[in-house]
Amino acid sequence: RAKQKGGNSVKLYATKMNEQVMYRVELERYLRKALEKQECFLVYQPLLDLMTGKIIGSEALLRWKHPKIGFVSPLEFIPIAEEIGFIHELGRWVLTEACMQTKKWHDLGFDSLMISVNVSATQFQHPTFFEDVQQALKQSQLPAHCLHLELTESSMLRNMYYSIHVMKKLQQLGVQVSIDDFGTGYSSLSYLKNLPINTLKIDRSFIYQLHQDRSDIAIVKSIITMGHGLRLKVVAEGVETAEQMKLLKRLKCHYAQGYAIFKPLSAEQFEQQVLQGNVVIQ
Ligand code: C2E
Ligand code: MG
Ligand code: MG
Ligand code: MG
């Protein structure tokens, strides 16, 4: 009996494995078609200037909704897109779409709005990446200084010299470079000195318990102080409470982003709630 039971569980395990493989294969197949089937769209999470209390722009966040499986998180499909080489096409689409949308808002009169776009490691290392950025700016007519690119520590470290070269070229164009999820990678302070960056985005894992965790306060305080010293802007992401926001303001953090301010919004919601709302725009 025991043997039979064991046999069944092995079989069950095998079935489950098989299901997972099938799901993954299906996901890859669906993902390759996601753009042409127009299943992708961007949402925009506003960025607040803590000193002035004004919204300065937003971060574009990619969404994919498949008719059969529903929403898939970017945390799940971005790594797959990287593996199957689809990230370049997807990344180009995100860049162009984000720049075009922001330019539309400029044309409505909000011409100082910035847009922050996430760039995956593989996308960043691709030989055409710099041209992709140029092309998106040209096509949209968005001023380069309004575009921020969010890179992670790991994507810069993958190929340091080449990364620095590309980042410098981007900055010469006027584009701003941010380190996303700062503090979660292999942050060596010596390379911070050499990297051409404009902004540090403190990872939300340091923010979500900020008001009740002494270590988090110490870490966040240090990052902000270091940012000021290096003449970098500092953004706190994942700000969920008014308390956290007050504390960040007191610590002289420049910008904040999170559910306490705004959740990610559709383009229409952004227009209604931010541009036409009572919100003060910088
Ligand atoms: P991220 O760039 O660090 O983006 C912040 C994530 O935190 C977003 O999740 C956002 O919805 C979420 N968030 C914002 N405020 C709060 C808050 O107050 N509390 C909590 N708990 N969460 C908050 P999302 O949209 O699921 O994106 C996850 C990650 O996927 C992003 O992390 C980014 O690394 C990646 N991603 C999203 N869009 C793109 C894209 O267009 N290209 C690339 N390469 N990666 C993307
Ligand atoms: Mg980001
Ligand atoms: Mg982040
Ligand atoms: Mg993060």
Side-chain angles (χ1 to χ4, degrees), residues 31 34-35 39-48 57-65 70-102 114-126 129 132-133 136 147-156 158 176-185 187 197-211 220 223 233-245 248 255-267 269-270:
L31 187 55
L35 281 180
E39 294 162 359
C40 290
F41 60 97
L42 297 180
V43 288
Y44 300 87
Q45 188 171 34
L47 221 83
L48 177 76
S58 66
E59 175 180 4
L61 294 160
L62 182 56
R63 296 292 177 261
W64 173 34
K65 190 183 182 190
F71 278 102
V72 183
S73 163
L75 292 173
E76 188 175 359
F77 71 76
I78 295 284
I80 300 177
E82 290 195 290
E83 270 180 56
I84 65 176
F86 183 60
I87 192 66
H88 312 296
E89 195 182 333
L90 190 60
R92 274 194 284 269
W93 181 83
V94 171
L95 266 170
T96 309
E97 179 74 14
C99 291
M100 301 268 272
Q101 181 58 259
T102 308
M114 52 71 79
I115 184 79
S116 206
V117 176
N118 292 284
V119 176
S120 87
T122 316
Q123 183 190 359
F124 179 63
Q125 299 293 339
H126 194 271
F129 178 70
D132 295 343
V133 175
L147 176 63
H148 295 225
L149 296 176
E150 298 189 10
L151 309 172
T152 58
E153 292 162 68
S154 59
S155 68
M156 301 172 193
R158 206 183 266 191
Q176 314 234 9
V177 180
S178 312
I179 302 190
D180 201 358
D181 304 333
F182 185 74
T184 58
S187 333
I197 48 172
N198 306 93
T199 306
L200 297 178
K201 290 192 85 169
I202 307 175
D203 190 66
R204 70 162 191 264
S205 59
F206 301 110
I207 307 293
Y208 85 109
Q209 288 181 325
L210 187 63
H211 47 291
V220 168
I223 297 177
K233 296 288 186 202
V234 181
V235 184
E237 63 173 26
V239 180
E240 293 186 352
T241 70
E243 256 176 310
Q244 293 165 355
M245 202 148 78
L248 287 161
Y255 305 114
Q257 202 181 5
Y259 297 165
I261 302 153
F262 276 106
K263 289 203 167 170
L265 307 169
S266 68
Q269 287 172 325
F270 188 88

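Just so you know, ligand 1 is whichever comes first in the structure, and atom 1 is the first atom listed for that ligand. Residue indices begin at 1 and follow the sequence shown.
Looking at P264 against ligand 1, only its side chain comes within 4.0 Å, counting heavy atoms. Of all the heavy atoms of L42, none lies under 4.0 Å from any atom of ligand 1, so neither backbone nor side chain is involved.
Relative to atom 38 (N) of ligand 1, the option among L95, V94, L62 with the closest non-hydrogen atom is L62. Checking F71, Y259, F77, F124 against atom 16 (C) of ligand 1, the nearest heavy atom belongs to Y259. Closest heavy-atom approach to atom 36 (N) of ligand 1 among the candidates P74, S155, A60, S116: P74. Comparing D203, T152, L61 against atom 31 (C) of ligand 1, the shortest heavy-atom distance belongs to L61. Heavy-atom proximity to atom 33 (C) of ligand 1, evaluated over N118, V43, L90, is greatest for N118.
Considering backbone and side-chain atoms together, Q123 places no N or O closer than 3.5 Å to any N or O of ligand 1.
Backbone or side-chain N, O or S atoms of N118 reach the Mg ion (ligand 2) at under 2.8 Å.
A donor-acceptor contact closer than 3.5 angstrom links the side chains of E82 and T122. Side chains of S178 and E150: a donor-acceptor N/O pair is absent below 3.5 angstrom, by distance only.
At distances below 3.5 Å, at least one donor-acceptor pair connects side-chain atoms of Q244 with backbone N or O atoms of I207.
Centred on the Mg ion (ligand 3), the angle running from D180 (OD1) to E237 (OE1) is recorded as 110°, rounding to 10°. Rounding to the nearest 10°, we obtain 100° for the angle at the Mg ion (ligand 2) between E59 OE2 and E150 OE1.
Take the N/O/S atoms of D181: the one nearest the Mg ion (ligand 3) is OD1.
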